[in-house]
Amino acid sequence: MRVVRTGSVMVAMLLLAASVDAAAPLTPLVSGWEQWFRVDTQSRQQDSRAVVSGVVWNTSGWGARRIQLLVEGLDVSGQPVSQRVVWLGADLLAGTHAFFEVPMPAASSYRVSVFAFDRSKRA
């Protein structure tokens with residue numbers, strides 16, 4: 001009986017640790033993404049909900065595909081209160097851009113980062 005109880009406690013501790021880790025804020029998977037992309041954003045209210053929109057520019061000398069954005073709603077101190085990872089929906093050759101629009105929960109401000117991408121063989 002004691003082994004079962006110890007095992008149950010261990011499983012409960014592992015589940016608790018996993019749920020704490022899962023709640024940690026997301027960060028871009030590629031550090032330094034700013035050297036290859038520029039993101040211009042704005043937010044507005046539309047039908048009583050926030051919409052974050054903007055443009056992603058590929059400023060690198062190579063193409064990028066499968067681009068994902070991390071859109072964050074921030075509180076007044078700049079801490080994330082909501083996060084969404086969304087597909088840009090377009091591949092970007094070097095020097096090109098694409099528009100995006102993402103509905104978000106209300107927040108004091110918003111931040112958009114390039115979350116992940118693959119380099120393309122095409123420039």
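Note that the structure is a prediction, hence the values are computed from the model and not measured.
Within the 4.5 Å cutoff, the side chain of V71 has heavy atoms near those of the V86 side chain. Using a 4.5 Å heavy-atom cutoff, the side chains of V51 and M104 are not in contact. In this structure, V112 and F100 have side chains that are in contact, with non-hydrogen atoms separated by less than 4.5 Å. Proximity of V81 to L74: side-chain heavy atoms (C-beta onward) are nowhere separated by under 4.5 Å.
Applying the side chain to side chain donor-acceptor pair (under 3.5 Å) test to residues at least two apart or on different chains, the pairs with a partner in residues 87-110 are R44-E101. Annotation: side chain to side chain donor-acceptor pair (under 3.5 Å) contacts involving residues 63-81, sequence neighbours excluded, comprise R66-D118, E72-Q83, E72-R111, D75-S77.
Scored by the side-chain contact (heavy atoms from CB on, under 4.5 Å) test, A98 finds L88, A90, L92 as partners (sequence neighbours excluded). The side-chain contact (heavy atoms from CB on, under 4.5 Å) test applied to P105 returns S82, not counting sequence neighbours. For S60, the side chain to side chain donor-acceptor pair (under 3.5 Å) partners at least two apart in sequence or on another chain are N58.
Both V102 and V114 belong to a common hydrophobic cluster when Ile, Leu, Val, Met, Phe, Trp and Tyr are linked at side-chain heavy-atom distances under 4.5 angstrom. At a threshold of 4.5 Å between side-chain heavy atoms, the hydrophobic network of Ile, Leu, Val, Met, Phe, Trp and Tyr places W57 and F99 in one connected group.
Across A64 and F117, no two heavy atoms sit closer than the pair CB-CD1, 4.3 Å.
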Solution key, residues 28-41 side-chain donor-acceptor pairs under 3.5 Å, sequence neighbours excluded:
unit_1	atom_1	unit_2	atom_2	d
Q35	NE2	G32	O	3.3
R38	NE	D40	OD2	3.3
R38	NH2	D40	OD2	3.1

Worked verdict on V56 versus L69 for side chain to side chain contact (heavy atoms under 4.5 Å, CB included) = CA-CA 9 Å; V56 177; L69 304 177; 3.9 Å; yes

